[in-house]
Amino acid sequence: MSDHQLRTRTPAGPAPRTPGGSRVAAAFRAAAPALAVYTAARALGLLVFWAAASAAGKDPLGPLSGRWDSVWYQRIAEHGYRYTVTLPDGSVHSDLAFFPLLPALERAVSAVTPLTLGGAGLLVAWTAGLLAAWGIFAVGSQLRGRRTGVVLAALWGVYPTAFVQSMAYTETLFTALAAWALYAVLKGRWIVAGALCVLAGLTRPSAAALIAALAITAAVTLVREYRDELRAGPVLRRNARMIAGVALAPLGWLAYVVFVAVREGSPVAYFDVQAQWGNNIDGGRALAAFIAGLPWPAALGLCAALGLLGWLVVLCVRQRQPLPVLVYAITIVVISLIGAGYFGSRPRLMMPAFPLLLPPAVALLRLRTTGRTAAVLAALACASAAYGAWTLLGAGPP
């Protein structure tokens with residue numbers, strides 16, 4: 001991997017200064033096509049779901065804001081951390097398994113608007129979805145140009161489990177924070193990246209992937225520079241902001257782990273809570289057992305899907321994606337596969353790993369005409385919308 005890819009600081013030399021508002025407006029205009037395509041994809045998903053729910057005589061808003069994890073987040077927003085459920089097998093599910101940023105935002109939005117907590121959760125998730133699409137576009141545009149950024153955001157919007165992006169869940173909020181943190185690293189804004197990591201660490205435990213991306217990138221940069229100059233002092237001084245950003249990054253995640261530890265009176269309380277939910281790390285044994293218990297056609301299909309996932313990782317490496325982007329995506333995948341949690345949740349847990357979609361985005365742009373690219377994206381959007389409606393109206397994976 002080249003020095004250019006490992007170094008993430010802005011090149012030396014003064015840049016033209018423009019008003020902050022002008023920069024934001026210009027960035028928004030550049031991202032407008034990506035946001036439009038993403039919005040169209042999610043609007044189609046909501047329209048198909050609304051029609052299917054109405055035909056089935058069901059409330060369309062219920063599955064979006066009052067089902068699965070969204071209920072836990074709203075309960076925390078309303079009452080704080082105090083709720084547990086004891087299952088028939090004796091395991092205890094505590095709301096301490098859920099991180100606090102989304103409930104805090106739901107409570108704040110509900111307090112200043114006429115919205116219920118469920119409506120506030122949807123507003124936060126939908127707004128964060130747009131910010132995530134913008135951040136994904138920014139990363140894609142930085143790496144491969146604006147057209148790639150547009151297609152990358154569109155592919156994230158038509159991901160098979162993209163229906164979760166329309167729910168009062170943390171996927172959009174976390175992905176927005178992660179995408180903009182990675183973009184900040186690519187632009188050499190390490191303090192901004194560290195601050196966004198703090199917020200990501202208050203959103204969901206997979207912030208560990210983002211923290212690892214910053215830490216590994218900084219470590220490699222420092223080692224290479226020290227090896228080249230053989231003087232630690234100048235290297236550390238020149239990279240002071242990078243070091244500060246990396247030190248800042250894990251504070252959000254650590255703060256919540258410490259909060260749970262103090263509340264429960266045990267230094268490993270957070271990990272005990274996650275284990276009760278079945279979210280402990282088992283190295284992939286639960287996944288292997290799940291595959292082994294399937295009928296052989298389903299097992300072969302699942303193995304083929306995992307093989308495709310592995311091939312996407314290989315393509316990302318061959319594409320020579322920058323180190324922070326690559327580490328983040330691979331770590332998200334690894335975390336999603338080595339946990340003992342419910343298998344149906346794993347595609348959702350991998351959804352924030354948007355850099356995996358960069359190779360397909362580049363491949364789509366190699367089609368001969370824009371019309372063909374648009375046709376493929378439209379077909380994927382229809383398939384994603386149909387799957388989302390079927391899942392939300394059925395038992396479905398949480």
Side-chain angles (χ1 to χ4, degrees), residues 37-70 121-122 125-126 128-130 132-133 136 151-175 287 290-291 294-295 297-309 311-312 332-333 336-337 341-354 356-357 359-361 363-364 373-398:
V37 173
Y38 173 80
T39 301
R42 298 312 320 131
L44 175 63
L46 287 172
L47 180 62
V48 170
F49 167 64
W50 197 283
S54 299
K58 296 185 178 181
D59 174 23
L61 287 179
L64 296 178
S65 63
R67 196 175 183 186
W68 299 320
D69 291 0
S70 58
L122 289 179
W126 294 358
L130 289 172
I136 290 169
V151 176
L152 185 62
L155 285 176
W156 191 70
V158 300
Y159 187 86
T161 57
F163 65 89
V164 178
Q165 298 171 21
S166 299
M167 299 176 67
Y169 266 43
T170 59
E171 268 66 24
T172 55
L173 180 59
F174 176 77
T175 306
L287 175 60
F290 178 81
I291 296 174
L294 292 174
L300 287 178
L302 182 53
C303 289
L306 291 173
L308 177 61
L309 176 63
W311 180 237
L312 281 177
I332 287 285
V333 171
S336 302
L337 294 181
Y342 174 52
F343 177 80
S345 299
R346 297 180 193 235
R348 169 175 69 84
L349 297 177
M350 280 188 276
M351 188 162 56
F354 66 89
L356 295 179
L357 301 175
L364 277 177
T373 301
V376 172
L377 290 174
L380 292 173
C382 291
S384 176
Y387 177 70
W390 175 77
T391 303
L392 287 169
L393 293 175

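Nearest approach of Leu392 to Met167, heavy atoms of both residues: CD2-SD, 3.7 Å. The heavy-atom pair separating Ala154 from Leu377 by the smallest distance is CB-CD1, 4.0 Å. Nearest heavy-atom pair, Gly45 versus Ala385, reported as atom, atom and distance to 0.1 Å: CA-CB, 3.6 Å. Scanning all heavy atoms of the two residues, the minimum distance from Pro160 to Phe163 falls at O-CD2, 4.1 Å. Between Thr172 and Ala125, the shortest heavy-atom contact is OG1-O, 2.9 Å. Smallest separation of non-hydrogen atoms from Ala162 and Gly157: CB-O, 3.4 Å.
Taken to the nearest 0.5 Å, the CG atom of Leu309 stands 5.0 Å off from the CE atom of Met350. In this structure, CG in Leu356 is found 6.0 Å from CG in Leu312, a value given to the nearest 0.5 Å. Atom CZ of Phe354 sits about 13.0 Å away from atom OH of Tyr159, to the nearest 0.5 Å. Taking OG1 from Thr161 and OH from Tyr387, the interatomic distance works out to 7.0 Å, rounded to the nearest 0.5 Å. Between Leu122 atom CG and Trp126 atom CH2 the span is 5.0 Å, to the nearest 0.5 Å. Rounding to the nearest 0.5 angstrom, the gap separating the CD1 atom in Ile136 from the CG atom in Leu155 is 10.0 Å.
Within the structure, the side chain to side chain donor-acceptor pair (under 3.5 Å) test picks out the following pairs touching residues 38-48 (sequence neighbours left out): Tyr38-Gln165, Arg42-Ser166. Screening residues 162-173 for salt bridge (Lys or Arg N to Asp or Glu O under 4.0 Å), with sequence neighbours left out, gives Glu171-Arg204, Glu171-Arg348.
By the 4.5 Å heavy-atom criterion applied to side chains, Thr170 and Asp69 are not counted as neighbours. The closest side-chain heavy-atom distance from Tyr169 to Ser70 is below 4.5 Å.
At distances below 3.5 Å, not a single donor-acceptor pair connects side-chain atoms of Ser336 with backbone N or O atoms of Arg346. In this structure, the side chain of Trp156 does not engage the main chain of Pro352 through any donor-acceptor pair within 3.5 Å.
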